[in-house]
Amino acid sequence: MIGDYGKFKKSIYDLTQIDLSAYKESQMRRRIDSLITKNNALSYDAYVDLIKKDRKKFEQFVNYLTINVSEFYRDAGQWKVMQEKAVPELIQRFGKNLRIWSAACSTGDEPYSIVMELSRYLPMYQIRVLATDIDKQVLDAARMGIYSEKSIHNVPPEFKRKYFKQVGSSYQISNEIKSHVEFREHNLLKDAYPSNCHMIVCRNVMIYFTEEAKIDLYKKFNQSLVKDGLLFIGSAEQILDYRSLNYNRKNACFFSKL
């Protein structure tokens, strides 16, 4: 692609507050160059001018950039750990008014899965989940709550029957579940983090960041957790030096704050 990528990153930050320097450059640059080519722009500067003038192209860029791949109960074995160990231990330790944050929640599959799991142990009126993402488009999709059959494949049958209604070839999640999730726009690299969280769920996101950015985010998550609060990460991720970051490793995907 023609142009100065460093200058392009600065222009994008000025427009979106997304810091491309925190992402693995070769991977992100390939994605961006592909999108620019599809939009028939001949240079980075020309593409920046395009997304400044065209709101739909701007939203297309943010949506493409944030790499949204999501499904309910992704990595089902780890959700079983949440059901059988994590949630009961949290309730035993902190009571029933749990503060839970689903960070980089994408299209809502994850926070809605959390609500369903909490409903095994708590009355609905006590369940609140904060769900955040940098992408306005996926937050709008999350609030709508319409999913493909593939996306809900791993939902436990009892929840599928109770909380989903078929609409054509898609499935819409019930308002009973939706009403217990607060969706909010949030940039993990820039914005202030919620405080006093009992559990933070951030899965399959860190793989796109540099090692330096990962360490910074894990530190911020730790500061957001109460003592003995849990961080739930994706199965493709790991926290190598977790002790130095003030975590105890519970299993492959669950870490508690020391």
Side-chain angles (χ1 to χ4, degrees), residues 1 5-6 8-39 44 47-48 51 58-75 78 101-111 113-114 130-142 151 183-194 200-224 231-242 245 247 252-255:
M1 185 55 58
Y5 187 68
F8 175 76
K9 288 192 292 184
K10 184 179 184 306
S11 297
I12 293 302
Y13 183 80
D14 291 341
L15 277 173
T16 67
Q17 298 296 296
I18 298 172
D19 184 4
L20 294 179
S21 296
Y23 294 82
K24 294 175 181 175
E25 183 167 320
S26 59
Q27 185 180 34
M28 188 55 71
R29 196 166 177 175
R30 280 196 302 272
R31 288 179 59 80
I32 290 170
D33 288 357
S34 173
L35 182 62
I36 291 174
T37 300
K38 286 178 183 176
N39 280 281
Y44 288 126
Y47 186 67
V48 169
I51 63 175
F58 173 85
E59 291 179 354
Q60 177 197 47
F61 172 71
V62 174
N63 186 51
Y64 192 78
L65 189 68
T66 50
I67 316 173
N68 297 294
V69 178
S70 189
E71 63 186 46
F72 285 80
Y73 288 85
R74 188 175 181 180
D75 301 322
Q78 295 303 326
W101 175 25
S102 172
C105 68
S106 189
T107 51
D109 317 47
E110 180 178 275
S113 297
I114 295 169
L130 171 65
T132 65
D133 201 277
I134 196 171
D135 189 336
K136 290 180 181 178
Q137 284 187 316
V138 298
L139 290 174
D140 287 342
S151 183
F183 289 102
R184 193 186 300 172
E185 190 178 351
H186 182 270
N187 183 335
L188 284 171
L189 298 171
K190 172 181 171 289
D191 294 335
Y193 282 30
I200 297 172
V201 182
C202 185
R203 309 178 69 237
N204 308 301
V205 176
M206 293 294 188
I207 54 176
Y208 301 111
F209 292 122
T210 63
E211 290 305 313
E212 294 79 7
K214 288 179 190 177
I215 290 171
D216 184 51
L217 296 184
Y218 285 135
K219 286 179 178 177
K220 289 180 178 178
F221 284 141
N222 193 271
Q223 291 167 0
S224 290
L231 174 64
F232 181 16
I233 66 174
S235 60
E237 299 162 332
Q238 52 186 325
I239 308 177
L240 293 175
D241 196 10
Y242 57 86
L245 296 174
Y247 290 102
C253 294
F254 285 89
F255 294 78

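Residues that satisfy the side chain to side chain donor-acceptor pair (under 3.5 Å) test with Tyr44, not counting sequence neighbours, are Arg29, Asp33. Residues forming a side chain to side chain donor-acceptor pair (under 3.5 Å) with Tyr13 (at least two apart in sequence, or on another chain): Gln17. Residues satisfying the side-chain contact (heavy atoms from CB on, under 4.5 Å) test with Ser102, not counting sequence neighbours, are Cys105, Glu110, Pro111, Ile114, Val129, Ala131. Residues that satisfy the ring pair (Phe, Tyr, Trp, His ring centres under 6.0 Å) test with Phe183, not counting sequence neighbours, are Tyr112. By the salt bridge (Lys or Arg N to Asp or Glu O under 4.0 Å) test, Glu211 is found to be paired with Lys214, residues two or more places apart in sequence or in another chain being considered. Qualifying side chain to side chain donor-acceptor pair (under 3.5 Å) partners for Ser235, counting only residues two or more places apart in sequence or in other chains: Asp75. Listed by chain and residue number, nothing satisfies the ring pair (Phe, Tyr, Trp, His ring centres under 6.0 Å) test with Tyr218 (two or more places apart in sequence, or in another chain). In this view, Ile215 and Lys219, Leu245 satisfy the side-chain contact (heavy atoms from CB on, under 4.5 Å) rule, not counting sequence neighbours. Every side-chain contact (heavy atoms from CB on, under 4.5 Å) that Ala103 has, sequence neighbours left out, goes to Trp101, Thr132, Leu188, Cys202, Phe221. Evaluation of the ring pair (Phe, Tyr, Trp, His ring centres under 6.0 Å) rule for Tyr47 yields Phe61 as partners, not counting sequence neighbours. For the side-chain contact (heavy atoms from CB on, under 4.5 Å) test, residues two or more places apart in sequence or in another chain that qualify with Lys136 are Arg55, Glu185. Residues that satisfy the side chain to side chain donor-acceptor pair (under 3.5 Å) test with Asn187, not counting sequence neighbours, are absent from this structure.
The nearest pair of heavy atoms linking Gln137 to Gln60 is OE1-N, 4.3 Å. Nearest approach of Asp133 to Ala104, heavy atoms of both residues: OD2-C, 3.3 Å. Residues Phe209 and Ala213 approach most closely at CB-CB, 4.0 Å, considering heavy atoms. Across all their heavy atoms, Leu189 and Lys220 have their closest contact at O-NZ, 3.9 Å.
Checking side-chain atoms of Asp216 against main-chain N and O of Glu212 turns up no donor-acceptor pair under 3.5 Å. Counting only distance, with no hydrogens or angles, the side chain of Arg30 and the backbone of Glu25 share no donor-acceptor pair below 3.5 Å. Listed for the Ser113 side chain is a donor-acceptor partner under 3.5 Å among the backbone atoms of Asp109.
For the atom pair CG of Leu231 and OH of Tyr247, the computed distance is 4.5 Å after rounding to the nearest 0.5 Å. Between the CD1 atom in Ile233 and the CD1 atom in Ile207 there is a gap of 11.0 Å [rounded to 0.5 Å]. For the atom pair OG1 of Thr37 and CD1 of Ile32, the computed distance is 11.5 Å after rounding to the nearest 0.5 Å. If you take OG on Ser21 and OH on Tyr5, they are separated by 8.0 Å, rounding to the nearest 0.5 Å. From Arg31, atom CZ reaches atom CD1 of Ile36 across 12.5 Å, with rounding to the nearest 0.5 Å.
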Take Gln223 and Tyr193 through the test side chain to side chain contact (heavy atoms under 4.5 Å, CB included) and record every step on the way to the result.
CA-CA 9 Å; Gln223 291 167 0; Tyr193 282 30; over 6 Å; no
Let me see the working for Ile51 and Ile12 under side chain to side chain contact (heavy atoms under 4.5 Å, CB included), right down to the final yes or no.
CA-CA 10 Å; Ile51 63 175; Ile12 293 302; 3.8 Å; yes
